[in-house]
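A quick write-up on the structure given underneath.
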Amino acid sequence: MSDPRLARRLLENLTTAVLLCDTDLRLVYLNPAAESLLAISHSRALGLPLDAVLTIDTDSALALQQTLISGHPFTKREAHLRVGLRDIVVDYWVSLMSSPSDATQLLVEIQSRDRLLRIAREEAMLASHQATRQLVRGVAHEIKNPLGGIRGAAQLLSRELAGAEQREYTQVIIEEADRLRALADRMLGPRRLPTMSQVNLHECTERVLALLSAEAAGRVTFVRDYDPSLPELMADADQLIQAILNIAGNALQALLETPEQKAPTLTFRTRSVRQYTIGARRHRVVIRLDITDNGPGIPESLRESIFYPMVSGRAGGTGLGLSISQDIIHQYHGLIECESVPGCTVFSIFLPLEVGS
Ligand SMILES: Nc1ncnc2c1ncn2[C@@H]1O[C@H](COP(=O)(O)OP(=O)(O)OP(=O)(O)O)[C@@H](O)[C@H]1O
Ligand SMILES: [Mg+2]
């Protein structure tokens with residue numbers, strides 16, 4: 001290929017992660033798909049040894065050395081790699097390449113199997129999520145319709161009743177009707193039309209942090225790990241704040257309900273990710289917000305279902321918070337994912353900047 005810009009664009013648009021190492025197995029290049037797979041930026045990764053960004057099994061480490069010595073390429077299927085705290089399953093290809101200066105370089109191409117599984121799972125999740133949301137909205141409407149009548153009748157009845165003791169009963173009906181109405185309103189979710197404007201995500205996270213700090217009253221440490229170059233988004237700021245607050249509020253509750261937790265910490269981390277697929281859509285740039293807490297983690301029995309409405313692990317919880325967040329983020333063609341083990345729960349919000357090809 002004679003046009004180096006075309007070659008570069010091709011590499012930047014590949015969904016396969018491409019890494020280039022020198023003979024000491026230090027990184028000299030990685031494409032955006034590799035940046036997102038390894039959760040590290042190009043500038044940070046350059047010069048690092050390969051095993052600093054991912055842990056490979058001994059078999060693969062030996063095979064890499066062999067390729068360097070013999071020059072024979074090799075392929076490995078369903079290899080298990082560890083990236084930070086994540087285990088990923090990948091197919092990968094390793095071959096030798098000569099650079100223009102004739103120095104030998106190792107070319108590693110990685111195709112994540114998890115990613116393919118993830119895309120399929122996300123599509124299924126979004127579809128079933130929408131179906132359940134619709135069901136819940138339908139139920140909420142049905143609950144709300146007769147409530148006005150019940151409340152009104154109880155008020156009329158209360159006027160007819162002579163004794164204060166009897167009026168206590170009508171008061172119970174009125175209060176319970178009000179409680180049910182508030183619940184039905186939450187089940188219906190945000191109903192006003194969004195007011196779109198250019199939004200800086202950090203302004204939203206700062207609003208949420210201000211609210212949470214007041215609630216935590218010094219019992220939790222809040223950490224900000226912001227990417228200051230994050231571009232602005234076209235969105236409704238109040239809705240984004242609501243979506244983030246529901247997630248971070250859960251994290252804070254989990255921390256506060258575990259008083260034995262040492263150094264309870266809630267971290268907000270923002271990054272921009274290039275070439276990211278959500279559902280069936282590929283996006284050129286996606287903003288990622290990770291909300292991490294070191295609390296007890298999501299109970300295992302709930303892990304697969306927390307985004308469904310009415311699923312709650314808390315006494316007094318309505319189980320609507322996360323489903324409302326997912327609904328809001330979905331409106332912007334984004335997605336929320338969650339990974340949780342005891343001591344580390346991460347909710348990641350992905351928001352595309354623009355819809356790509
Ligand atoms: N960071 C977290 N750590 C531990 N458990 C969590 C965390 N986030 C969510 N959960 C679990 O997921 C459940 C569902 O959360 P969701 O916000 O949808 O509902 P809720 O908090 O129970 O009720 P609501 O938000 O409607 O008041 C929670 O009840 C809790 O068990
Ligand atoms: Mg909640």
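The structure presented is a predicted model; accordingly, all values stated were derived computationally and were not measured. Ligands are counted one by one from 1 in listed order, and the atoms in each one are counted from 1 as well.
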Give a yes/no on ligand 1: does [X] have at least one heavy atom closer than 4.0 angstrom to it?
X    : result
G319 : yes
F347 : yes
N246 : no

Among all protein non-hydrogen atoms, which one is nearest to [atom], and what is the separation to 0.1 Å?
atom                    : value
atom 12 (O) of ligand 1 : I306 CG2, 3.2 Å
atom 18 (O) of ligand 1 : L322 N, 2.9 Å
atom 20 (P) of ligand 1 : R314 NH2, 3.5 Å
atom 14 (C) of ligand 1 : V311 O, 3.3 Å
atom 5 (N) of ligand 1  : I298 CG1, 3.5 Å
atom 4 (C) of ligand 1  : G297 O, 3.4 Å
atom 26 (O) of ligand 1 : T318 OG1, 2.4 Å
atom 22 (O) of ligand 1 : S312 OG, 2.6 Å

Note: A254, heavy atoms under 4.0 Å from ligand 1, region reported as side chain

For ligand 1, the portion of D293 having any non-hydrogen atom under 4.0 Å away:
side chain

Could you tell me whether a side-chain N or O of T270 sits under 3.5 Å from a main-chain N or O of D227, the two making a donor and an acceptor?
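The answer is yes, because a donor-acceptor pair under 3.5 Å joins these two groups.
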
To the nearest 0.5 Å, what is the distance between CG (L54) and CG (L19)?
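CG of L19 is found 7.0 Å from CG of L54.
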
Salt bridge flag under 4.0 Å for residues E176 and R179:
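Result for this pair is yes, salt bridge flagged.
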
Which one of L302, L320, N250 has a non-hydrogen atom at the shortest distance from atom 15 (O) of ligand 1?
N250

Is there an N/O/S atom in S312 that lies less than 2.8 Å from the Mg ion (ligand 2)?
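For S312, the answer is no, given that no N, O or S atom comes within less than 2.8 Å of the Mg ion (ligand 2).
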
